[in-house]
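Structure first, commentary second.
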Amino acid sequence: FFSPRSAPKMARYSVVALCLFLQGTIAFYLPGVTPVEYEQGDSLTIKVNSIKSTKTAIPYDYYSLMFCRPTGGGPIKADVENFGEILWGDVIKPSRYQAQMKNDVSCAMLCTTKPRDKDGKLRQIRKLKKRIDDEYRGNLILDNLPVSEVFIWEGRKQTLYYKLGYPLGVPGNKTKDTLVYNHLAFTIKYHKPEGVPGYRIVGFNVLPYSVESAKIVEECKPGQSWRPETYPPQTVVFEPLEAATRSLSWSYSIKWEEDPDVVWRSRWDHYLTSADASNAKIHWFSIVNSLLILLFLSGMVAMILLRALHKDFNRYNDPDNEDEAQEETGWKLVHADVFRIPNHAELLCVYIGTGCQLLGMGVITLTFALLGFLSPANRGGLLTAMLLLFVLMGSYAGYTTSRMAKMFHSQSWKTILLTGIWFPGKVFGVFFVMNLMLWSQGASNAVPWTTLFALIGLWFCVSIPLVFVGAVFGYKRPPIEHPLAVNSLPRAIPEQKWYLRPPVTIILAGIIPFGAAFIELFFILSSLWLNKIYYVFGFLALVLVILTITCAEISIVMVYFQLCYEDYNWWWRSFFISGSSGLHLFLYSVFYFCTTLRISNFWSGLLYFGWMSVMSYTFMVMTGTIGFCATFAFVRMIYSALKVD
């Protein structure tokens with residue numbers, strides 16, 4: 001029931017819907033895809049993004065702090081381009097920073113802000129100090145390039161390391177005051193392309209300084225010499241009240257540099273190569289580790305198929321060996337029960353249908369990423385693509401669920417409805433609770449009500465109807481016939497040894513699929529929680545192939561041993577054997593939280609474990625579906641070749 005040829009009409013409708021979606025996508029300008037040329041003196045817009053910290057994992061609006069706001073007053077409207085930006089917490093807004101092509105600025109003062117509120121309290125200065133102590137970083141954007149700090153990486157050879165954003169200041173302690181970085185020295189790099197008029201932006205770097213506000217007001221003048229490192233720093237103090245910071249002045253400088261070695265199409269390379277995930281040696285180590293696990297499992301499967309099964313077939317199907325054939329042993333003994341309908345068959349149908357939906361979404365998303373359509377320059381593009389593809393893959397979930405339900409003689413529309421709401425409902429429930437928490441914290445990735453209703457509309461008005469459309473085609477197909485009949489009375493299962501019981505086999509077997517992918521999972525977690533860029537989709541595709549084969553083989557091996565010991569309850573166990581890797585992923589996330597992250601805030605920890613539970617649950621459904629499909633094909637194959645009177 002997983003063959004695309006078995007649903008030609010449904011496949012055509014899904015392809016048409018996908019093409020219409022893609023046509024609508026390419027009709028819009030993708031940021032970072034089309035180069036923009038600037039003539040000397042042209043004005044460039046520097047925008048601000050949310051401030052973020054790896055210590056709290058909760059982003060905030062840039063203007064939630066006492067920074068200089070754009071002139072004109074009134075609310076500052078964000079530039080929203082897709083769902084992914086909203087869900088990820090990117091709030092891009094205009095700023096007061098001004099730049100003109102190839103015109104250096106020695107020093108320009110932005111404004112002076114007063115930390116004291118109207119009621120005389122110092123809430124703003126307290127909030128700024130807390131954000132600095134929590135190691136928040138500011139994020140600016142110029143020509144769709146994020147600002148970054150540049151460091152010299154000392155190793156076997158010196159290389160440049162680029163870190164996204166800039167720190168808001170230097171955290172204080174009991175012996176020293178907190179410092180605020182109130183002067184930003186920008187270095188903008190440009191390239192002159194051949195045969196094209198104008199210049200292109202290829203780099204946007206920053207060096208932050210802490211300068212006493214009085215010095216900024218007195219000496220930050222256009223055209224005058226400005227050396228911010230020679231001035232005393234600006235402290236952030238709110239206790240005692242007499243010594244509290246009374247005002248903060250903000251300034252910036254701009255220096256233009258031509259870079260003939262970096263062209264526009266490769267201007268993101270230094271961001272990508274600076275990410276930890278770009279270390280090819282570690283990825284190849286991960287691949288070799290996974291291949292060794294795969295080689296071991298493949299050897300076991302080959303031994304089962306070529307030796308044990310071949311020997312069993314010869315013994316069971318040999319007409320000259322009637323005495324031994326009548327004395328049935330091993331997996332042949334349960335031939336009349338192996339295709340017995342399992343307990344909670346409807347829920348198994350739902351999980352397998354949802355797993356196929358998630359796998360289809362993942363494969364197509366990864367294909368688009370490999371082709372370069374999901375560049376990091378297109379902020380939120382990856383999350384938007386995954387969301388829309390999951391919705392469109394609802395037809396395949398409905399089709400797969402209906403084919404399985406008909407095989408189990410349970411042709412019910414309630415099962416189809418459950419497919420549309422079971423997995424999305426659980427994820428949305430966690431998402432809604434997390435969103436309420438983010439609302440209470442004033443986070444920038446708290447989804448507004450309009451976006452929330454749009455997501456609910458996609459779910460109920462597009463995804464669930466597509467599930468029913470797929471089910472219509474699935475129910476029209478003839479039922480899947482089993483190769484052997486099922487006895488009316490179930491056979492008694494002998495008592496199993498402790499190491500063959502479900503909790504032991506399921507938990508231990510799940511370590512192998514997780515072990516094949518855990519190194520790559522480390523980089524994925526780093527990109528999610530440490531603000532790193534992940535763009536090695538080629539390695540990810542290779543790991544996914546290895547993971548798929550590993551899940552299939554470990555499920556086949558464990559189910560074969562189970563059948564040999566006359567336990568025919570293999571349906572759910574084939575799903576959980578490989579699906580238990582989701583449990584190991586969650587346990588690894590606990591280890592990652594304790595050893596790598598520095599989150600100490602309760603709400604941040606709740607946010608982390610809430611989303612990691614969703615990620616682990618999704619991983620369980622995907623890997624469990626792979627194991628079930630492979631085992632289903634294996635069981636049908638071996639019992640189809642068996643001659644039974």
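Ion pairing between Lys102 and Glu258 fails under the 4.0 Å rule for side-chain N and carboxylate O. The pair Lys255-Glu257 counts as a salt bridge, with a side-chain nitrogen and a carboxylate oxygen less than 4.0 angstrom apart. We find that Lys93 and Asp61 are joined by a salt bridge, their nearest charged nitrogen and carboxylate oxygen being less than 4.0 Å apart. Salt-bridge annotation for Asp177 and Lys129: absent, with no side-chain N of the basic residue lying under 4.0 Å from a carboxylate O of the acidic one.
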Legend entry - Full working for side-chain contact (heavy atoms from CB on, under 4.5 Å) between Ser95 and Phe67: CA-CA 10 Å; Ser95 74; Phe67 295 125; over 6 Å; no
Inset, instruction - List the steps and the verdict of side-chain contact (heavy atoms from CB on, under 4.5 Å) for Arg137 and Ile51. - result: CA-CA 5 Å; Arg137 299 179 67 85; Ile51 58 173; over 6 Å; no
Legend entry - Derivation of the side chain to side chain donor-acceptor pair (under 3.5 Å) call for Thr112 and Ser249: CA-CA 4 Å; Thr112 298; Ser249 296; 2.9 Å; yes
Inset, instruction - Quick one: do Lys532 and Leu164 satisfy side-chain contact (heavy atoms from CB on, under 4.5 Å)? Show the steps, please. - result: CA-CA 8 Å; Lys532 304 284 181 71; Leu164 293 176; over 6 Å; no
Legend entry - Steps toward side-chain contact (heavy atoms from CB on, under 4.5 Å) verdict (Leu438, Asn445): CA-CA 7 Å; Leu438 292 172; Asn445 59 344; 3.6 Å; yes
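Ring pair Phe593/Phe609 is tilted by interplanar angle, where 30° to 60° counts as tilted. The aromatic rings of Trp449 and Trp439 sit tilted, their planes meeting at an angle between 30° and 60°. In this pair, Phe432 and Phe428 present their aromatic rings parallel. The plane angle is below 30°, not in the 30 to 60° band.
Listed for the Ser604 side chain is a donor-acceptor partner under 3.5 Å among the backbone atoms of Thr56. Between the side chain of Ser106 and the backbone N or O of Gln224, at least one donor-acceptor pair lies under 3.5 Å. Put simply, the side chain of Ser266 never gets that close to the backbone of Val262: no donor and acceptor are under 3.5 Å apart. A distance-only check finds a donor-acceptor pair linking the side chain of Asn435 to the backbone of Val447 [under 3.5 Å]. Put simply, the side chain of Ser210 gets close to the backbone of Gln234: a donor and an acceptor are under 3.5 Å apart. With Tyr252 contributing its side chain and Gln98 its backbone, the two residues share a donor-acceptor pair below 3.5 Å. Distance alone, capped at 3.5 Å, is enough to place a donor-acceptor pair between the Arg96 side chain and the Arg69 backbone. Put simply, the side chain of Thr365 never gets that close to the backbone of Gly362: no donor and acceptor are under 3.5 Å apart. Tyr588 places no side-chain N or O within donor-acceptor distance of the main-chain N or O of Phe514, the cut-off being under 3.5 Å. Using modelled atom types, no side-chain atom of Asn139 and backbone atom of Asn49 make a donor-acceptor pair closer than 3.5 Å.
Within the model, atoms CZ of Arg598 and CG of Leu530 stand 9.0 Å from one another, a figure rounded to the nearest 0.5 Å. Rounding to the nearest 0.5 angstrom, the gap separating the CD1 atom in Ile188 from the CD atom in Gln100 is 11.0 Å. From Trp250, atom CH2 reaches atom OG1 of Thr113 across 6.0 Å, with rounding to the nearest 0.5 Å. Atoms CE and CG, on Met386 and Leu389 in that order, are 9.0 Å from each other to the nearest 0.5 Å. Rounded to the nearest 0.5 Å, atoms CG (Leu436) and CZ (Phe431) are 10.0 Å apart. Atom-to-atom distance recorded for Ile46:CD1 and Phe204:CZ is 4.5 Å, nearest 0.5 angstrom.
Under the side chain to side chain donor-acceptor pair (under 3.5 Å) test applied with Asp143, the options Lys47, Arg267, Arg200 reduce to a single match, Arg267. Among the candidates Thr235, Asn173, Asp133, the single residue satisfying the side chain to side chain donor-acceptor pair (under 3.5 Å) test with Thr178 is Asp133.
Phe619 has its ring centre no less than 6.0 Å from the ring centre of Phe586. When ring centroids are compared, Tyr199 and Tyr38 stay outside the 6.0 Å threshold. Aromatic ring centres of Trp226 and Tyr209: separated by at least 6.0 Å.
Nearest heavy atom pair, residue Ile76 against residue Pro94, reads CG2-CD, 3.8 Å. The two residues Phe537 and Tyr534 come nearest to each other via the heavy atoms CZ-O, 3.9 Å. The minimum heavy-atom distance between Gly203 and Leu145, with the atom names listed, is N-CD1, 3.6 Å. Nearest heavy-atom pair, Asn182 versus Ser213, reported as atom, atom and distance to 0.1 Å: ND2-OG, 4.0 Å. The heavy-atom pair separating Ser589 from Tyr608 by the smallest distance is O-OH, 2.7 Å. Nearest approach of Gly605 to Ile599, heavy atoms of both residues: N-CG2, 3.7 Å.
Inter-residue side-chain proximity for Ile533 and Trp268 is flagged as met; some heavy-atom pair is nearer than 4.5 Å. By the 4.5 Å heavy-atom criterion applied to side chains, Tyr617 and Val614 are not counted as neighbours. Within the 4.5 Å cutoff, side-chain heavy atoms of Glu135 are placed close to those of Pro171. With contacts defined as side-chain heavy-atom distances shorter than 4.5 Å, the pair Pro222/Cys107 does not qualify. Counting heavy atoms from C-beta outward, Val236 and Ile125 have side chains that approach closer than 4.5 Å. Taking the side chain as every heavy atom from C-beta outward, Thr384 and Glu85 never approach each other to under 4.5 Å. No side-chain heavy atom of Leu168 sits less than 4.5 Å from a side-chain heavy atom of Tyr181. You'll find the side chain of Leu142 stays beyond 4.5 Å of the side chain of Phe186, heavy atoms only.
Side-chain contact annotation: Ser526 with Tyr592, donor-acceptor N/O pair under 3.5 Å present.
The list of ring-ring contact (aromatic ring centres under 6.0 Å, His included) pairs with a residue in residues 126-145, not counting sequence neighbours, reads Tyr60-Tyr136.
Take Lys130 and apply the salt bridge (Lys or Arg N to Asp or Glu O under 4.0 Å) test, not counting sequence neighbours, and it matches Asp134.
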